[in-house]
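First the proteins, then the strands, lettered A, B, ... as listed; each starts at 1. Heavy-atom basis, side chains included; hydrogens, waters and symmetry copies ignored.
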Amino acid sequence: MSSNENKQGGYDPSKFEEKWYAQWEEKGYFSADPSSDKPPYSIVIPPPNVTGSLHMGHALNITLQDVLIRYKRMDGFETLWMPGTDHAGIATQNVVEKMLAAEGTNREELGREKFIERVWKWKKESGGTIIHQLKRLGASCDWERERFTMDEGLSKAVREVFCKLYEQGLIYKDDYINNWCPRCHTAISDLEVEHEDTKGHLWHLRYPFADGSGNVVVATTRPETMLGDTAVAVHPEDERYKGMLGKKIILPVIGREIELIADTYCDPAFGTGAVKVTPAHDPNDFEMGNRHDLERIQVIGEDGTMTEAAGPYAGMDRYECRKSLVADLEEAGVLVKTDEHDHSVGHCYRCHTTIEPLISKQWFVRIKPMAERAIAAVRDGRTKIVPAHWEKTYFNWMENIRDWCISRQIWWGHRIPAYTCDECGEMIVARTAPVECKCGASKFAQETDVLDTWFSSGLWPIGTLGWPENTPELQKYFPTDVLITGFDIIFFWVARMLMQGLWFREEVPFKDVYIHALVLDEKGQKMSKSKGNVIDPLNIIDKFGADAFRFALVAFAAQGRNIKLSENRIEGYYRFTNKIWNASRFTMMNLEDFDTAKPQIPLAERSAADRWILTRFRDTAKTVRESLDGYFFNDAASAIYQFTWHELCDWYVEMAKRPLYASADPKARLSAQQTLIEVFDGLFRLMHPFMPFISEELWTALPWPAYLGEKPVTLVTASFPKPDELAGDDEALYRVELVKEVVGAIRNVRGEMNVPPSRRIKAIIQGPQKECGVLKEEVDFVGALCGADDISFIGADEPKPPKAAAAVAAGVEIFLPLEGLIDLDEERKRLAKEIEKLDIELKKVQGKLSNPNFVERAPEAVVAKDRARAEEIGRDLAKLQEGLARIDGNA
RNA sequence: GGGCGAUUAGCUCAGUGGUAGAGCACUGGCCUCACAUGCCAGGGGUCACAGGUUCAAGUCCUGUAUCGCCCACCA
């Protein structure tokens, strides 16, 4: 019968994950208490878009936060993990507009008020999706405090901030050429424009002088804008145009008269050196227009179609117009030539429509004074960015920051609190709607624009804690301890929170910013629906469980790297959870008769194996703490992985089988049982922040000796292992390392010789008294681990056994009688291989030692270490060579 | 145009001046009473290249190459 067929009680995360989460939440373990005396530890969640569903980026982001918050919660901090969602202005409006379209209507038909009601209704019904998904992942947020960027509190904070900034002269309204999305029908900020290199054309157009004295050739990538040209510019010192300045030019097609002007913006080296100037449709031209007081003629409208000013092309789509205009220009002989031309084209980051630079009245934040404070805060370390190289990116942007366009011509969002008097046109910016104007009138029209979503997300840390009120939460939890986010929103979000936090609270909003990797597909490409390479976290959780998935994410989260995610690698951690499950099963099976009333056996009376694993656990706990404290998440994960699999399972469990099995002495058995419980209790606590479900499930089933006191009700709030308070025994480390080395050497011979595990062997050990003494005492472990049931020791001067395979380890010589076991030729080859390896190493070490500079200048400890190593290799080599000689019968 | 990052085993990646590591894959042996989702053993590296600093460089410095990302209003 195959062992596959009778496996029972296998690991199945679906059987307990949701159960535990429901219980934790119900019992209120995640609730923060600002009145507590415990030291605070707080994190605010980067609020996912309310329209969103969980993707890999969220999964990583949330997992890292949950690891930290669970660690600190267990470690005695009063933790607050503030959850919530972002109203995501444009994105959400798009979603609801699509629904309306499906119903055959649109927002204009509905009207502003009804439309907003509709969005709220949608939010109520569907906005909770992602929250539910975060719970599946195990996120231990304080859900009772869940916030929304458009809830009452944040709306109040937004109005307060807007008004304050306005009063301080930092918000202004101005006509400016802006990034306009013809599909979303709104201006967007510079940051919201994504530039993409595009293969385009450079059209060269011949503009004739009005006096018939020739012409000037200009080049453009956007010929349709020529309809709005109001000048042609050349560099003032461009020899080619000497004496032509001020000449009139007849704009082809339109026939409008424009002038040849001089402006240093023009680069004489580019093309003909002459630039057509369209102030209404190009940011550079807009500036030039201001300098020369040129007319702004808008030929492209807000929806991307040509305006009346476009003459014969009015009403055409902008690209349709381009096509037809180029054809017309060619026919008219205006088109000189068309070159291939690569340039970068801006797109809306929400809908990917090509941006149209248009002039409109917008609200801006004069950002420099705020940026200066935020720069200083990072420079002097009040906020630390980890990994540090992101600081450069941050500084680079902050130092070149441009005013922030905060108004959006959409309906869903925080409506700008500016009111214009119907009578006198006076504008009032106020926290609440004004009732009376100074002209005596009482009718006002509120500004129709709403604020950029990031304007409110920038207030997230202070706003969710209650600002502008000075709440207990704000006092207890602000500044927050760490912000965890991806680098894609350093500018959008991190920088703005820093600026707003510093401006209004005069304190940094978080002490650390940890920037984590981006999650890519296994080929290193961004996951996107259009590429079809998206891995859905929920599918992964269904398949492998949240624990394996979380652990995989943490293990991949090395600082400063992107993560190439493949299902294969997650499966590897699923095997790890399975291993934990089975190791625990082994433990439970051997604890069936465990007497919980028996007192604790003192460490000194336990076996070397027991003392060793407890010591190794203590060291692992130390590594995990240090790694987490420095945000080296992957180091923490690999310490747990390494300890659990390769020390606890591979060595300790195997060693513990001796005392545990029936024939053993009862005290040794009890000692092993107590050790198993203590190690697993500690290990489950240690892994709980990473793998909350499996740890809670198995820990709950763990028998509880009376000497440990009352068992906590849950791991969620149980204490995190404190290495300083844990027992350790360095002598046990030495003993077990010695055993491991000797066992390793014997297994190596067996492995190389293909001796099957069922084949019992004899071993004879010769060596110094110290080592042999230890090995004699631990001989049961040695025998059990390498399949030898007859291990004997011989004195240093006794003759070495003939016809035996020889190995060296930790200063002792090991002889395995060859009798019927080993092929002489194979043994010869094996020894020769070992000798060669050591020989190479010896030469290397000797080379260093023979260099006088090394001996004189390197630290003594380093030199001493190499000397010892050289000696050791020399000794081992000699022994192996003797062994080889004996085989050949020469000894 | 500016900036940042990467280059280490077949693949994916750790690596904090002092004996080059892990997981997966590969080879051989095992269904040994927790686990074949497993156990034991093994093979596999000019640490991209060229200089430099140092007793000592995968690690620090300079340059080169290749790949990737970010920022930027070049008609």
Checklist outcome for this item: Of the candidates rC55(B), rA75(B), rA34(B), the side chain of Arg585(A) sits closest to rA34(B)
Checklist entry - Which whole number of Å gives the distance between the P atom of rG15(B) and that of rA36(B)? => result 34 Å
Next on the checklist: Checking ring pair (Phe, Tyr, Trp, His ring centres under 6.0 Å) between Tyr573(A) and each of Phe551(A), Phe544(A), Phe690(A), which is the one that passes?
Outcome noted: Phe551(A)
Item to check | Length of the line joining Asp197(A):CG and rG2(B):P, which is rounded to integer Å | outcome: 15 Å
Checklist entry - For atom NZ of Lys657(A), is the number of surrounding heavy atoms from other residues, nucleotides or ligands below 6.0 Å larger than 12? => result yes
Next on the checklist: Any side-chain N or O of Trp645(A) below 4.0 angstrom from OP1/OP2 of rC39(B)?
Outcome noted: yes
Next on the checklist: Heavy atoms from C-beta onward define the side chain here; which of rA75(B), rU37(B), rG18(B) lies closest to that of Val862(A)?
Outcome noted: rG18(B)
Checklist entry - Taking the C1' atom of each, how far is rG21(B) from rG58(B), in whole Å? => result 12 Å
Checklist entry - Does OP1 or OP2 of rC13(B) have a side-chain N or O of Lys564(A) closer than 4.0 Å? => result yes
Checklist outcome for this item: Picking from rA34(B), rC74(B), rG43(B), the nucleotide nearest the side-chain atoms of Lys833(A) would be rG43(B)
Checklist entry - Where the side chain of Asn748(A) is defined as all heavy atoms beyond and including C-beta, which of rG29(B), rG42(B), rA75(B) is the nearest nucleotide? => result rG42(B)
Checklist entry - Looking only at side-chain N and O atoms, does His646(A) come under 4.0 Å of OP1 or OP2 in rA22(B)? => result no
Checklist entry - Using a cut-off of less than 4.0 Å, is there contact between a side-chain N or O of Lys843(A) and OP1 or OP2 of rU19(B)? => result no
Next on the checklist: Within the 4.0 Å heavy-atom criterion, would you say Arg869(A) contacts the bases, only the backbone, or no part of the nucleic acid?
Outcome noted: base
Item to check | Out of rC4(B), rA75(B), rU37(B), whichever nucleotide has its closest atom nearest the side chain of Val275(A) | outcome: rA75(B)
Checklist entry - Under a 3.5 Å cutoff on both atom distances, Watson-Crick or G-U, what's the dot-bracket for RNA chain B ([ ] crossing, | other strand)? => result ((((((((.[[[[.)..(..]]]].(((((.......))))).....[[[[[..)....]]]]])))))))....
Checklist entry - What integer number of Å spans the P atoms of rU7(B) and rA41(B)? => result 31 Å
Checklist entry - Does OP1 or OP2 of rC70(B) have a side-chain N or O of Lys392(A) closer than 4.0 Å? => result no
Distance-only donor-acceptor pairs under 3.5 Å for side chains of residues 341-349 of chain A, two or more places apart:
from	atom 1	to	atom 2	distance (Å)
Ser344(A)	OG	His195(A)	ND1	3.4
His347(A)	ND1	His352(A)	O	3.3
Tyr349(A)	OH	Glu192(A)	OE2	3.4
Tyr349(A)	OH	Trp454(A)	NE1	3.4

Checklist entry - How many Å lie between CG on Leu648(A) and C1' on rC35(B), as a whole number? => result 13 Å
Item to check | Pairwise P distance for rC70(B) and rC49(B), with rounding to whole Å | outcome: 29 Å
Next on the checklist: So Lys657(A), base contact, sugar-phosphate only, or nothing? Heavy-atom distance under 4.0 Å.
Outcome noted: base
Checklist outcome for this item: With the side chain defined as heavy atoms from C-beta on, Arg575(A) is closest, among rC35(B), rA72(B), rG38(B), to rG38(B)
Item to check | Charged N-O contact under 4.0 Å between Glu841(A) and Arg869(A) | outcome: yes
Next on the checklist: Between Tyr641(A) and Trp645(A), is the ring centroid distance below 6.0 Å?
Outcome noted: yes
Next on the checklist: Measure CG/Asp342(A) against P/rG1(B) and give the value in whole Å, please.
Outcome noted: 13 Å
Next on the checklist: Side chain of Tyr265(A) only, heavy atoms from C-beta on: which candidate in rA75(B), rU32(B), rA34(B) is closest?
Outcome noted: rA75(B)
Next on the checklist: Between Arg569(A) and rC24(B), is there a contact of a side-chain N or O with OP1 or OP2 at under 4.0 Å?
Outcome noted: no
Checklist entry - Is any side-chain N or O of Lys579(A) closer than 4.0 Å to OP1 or OP2 of rC39(B)? => result yes
Next on the checklist: Using a 4.0 Å heavy-atom cut-off, does His341(A) contact any base of the nucleic acid, only the sugar-phosphate backbone, or nothing at all?
Outcome noted: sugar-phosphate
Item to check | Closest nucleotide among rC13(B), rU19(B), rA34(B) to the Lys865(A) side chain | outcome: rU19(B)
Checklist entry - Step by step, would you call Phe286(A) with Tyr176(A) a ring pair (Phe, Tyr, Trp, His ring centres under 6.0 Å)? => result CA-CA 9 Å; Phe286(A) 178 79; Tyr176(A) 196 76; 5.6 Å; yes
Item to check | 4.5 Å side-chain heavy-atom contact, Phe487(A) and Asn562(A) | outcome: yes
Checklist entry - Rounding to a whole Å, what distance do you find between Ile401(A):CD1 and rG3(B):P? => result 20 Å
Checklist entry - Looking only at heavy atoms, which two atoms of Cys266(A) and His235(A) are closest? And how far apart? => result O-CD2, 3.2 Å
Item to check | 5′-ward residue of the pair Ile563(A)/Tyr641(A) relative to RNA chain B | outcome: Ile563(A)
Checklist outcome for this item: Taking every heavy atom of Asn178(A) against every heavy atom of Ser360(A), the minimum-distance pair comes out as CB-OG, 4.3 Å
Checklist entry - For Pro859(A), which contact category applies under a 4.0 Å heavy-atom criterion: base, sugar-phosphate, or nothing? => result base
Checklist entry - For atom C1', what is the distance between rC47(B) and rC13(B), given to the nearest Å? => result 13 Å
Item to check | Phosphate-side-chain proximity, Tyr574(A) and rC24(B), N/O vs OP1/OP2 below 4.0 Å | outcome: no
Checklist entry - Taking the side chain of Ala858(A) as its heavy atoms from C-beta onward, which of rC30(B), rC24(B), rC55(B) lies nearest to it? => result rC55(B)
Item to check | Any Asn582(A) side-chain nitrogen or oxygen under 4.0 Å from OP1 or OP2 of rU37(B) | outcome: no
Item to check | Side-chain touch Leu60(A)/Met56(A), heavy atoms, less than 4.5 angstrom | outcome: no
Next on the checklist: What contact category does Thr393(A) fall into here, base, sugar-phosphate, or nothing, at under 4.0 angstrom with non-hydrogen atoms?
Outcome noted: nothing
Item to check | C1' gap between rA75(B) and rG3(B), integer Å | outcome: 25 Å
Checklist outcome for this item: Taking for Glu654(A) and for Asp635(A) the nucleotide of RNA chain B with the nearest heavy atom, the one nearer the 5' end belongs to Asp635(A)
Checklist entry - Expressed in whole Å, how much space separates the P atoms belonging to rA48(B) and rC40(B)? => result 32 Å
Checklist outcome for this item: Shortest non-hydrogen pair, Asp635(A) vs Ser627(A), comes out as CB-OG, 3.5 Å
Next on the checklist: Using a 4.0 Å heavy-atom cut-off, does Val277(A) contact any base of the nucleic acid, only the sugar-phosphate backbone, or nothing at all?
Outcome noted: nothing
Item to check | Spacing of the C1' atoms in rC60(B) and rC26(B) (rounded, Å) | outcome: 37 Å
Next on the checklist: Please confirm whether the shortest side-chain N or O distance from Arg857(A) to OP1 or OP2 of rA56(B) is below 4.0 Å.
Outcome noted: no
Next on the checklist: By the 4.0 Å heavy-atom rule, please label Asn851(A) as base, sugar-phosphate, or nothing.
Outcome noted: sugar-phosphate
Item to check | Whole-Å distance separating the CG atom of Leu191(A) from the C1' atom of rC70(B) | outcome: 11 Å
Item to check | Nucleotide nearest Phe854(A) when distance is taken to its side chain, options rG18(B), rG43(B), rA75(B) | outcome: rG18(B)
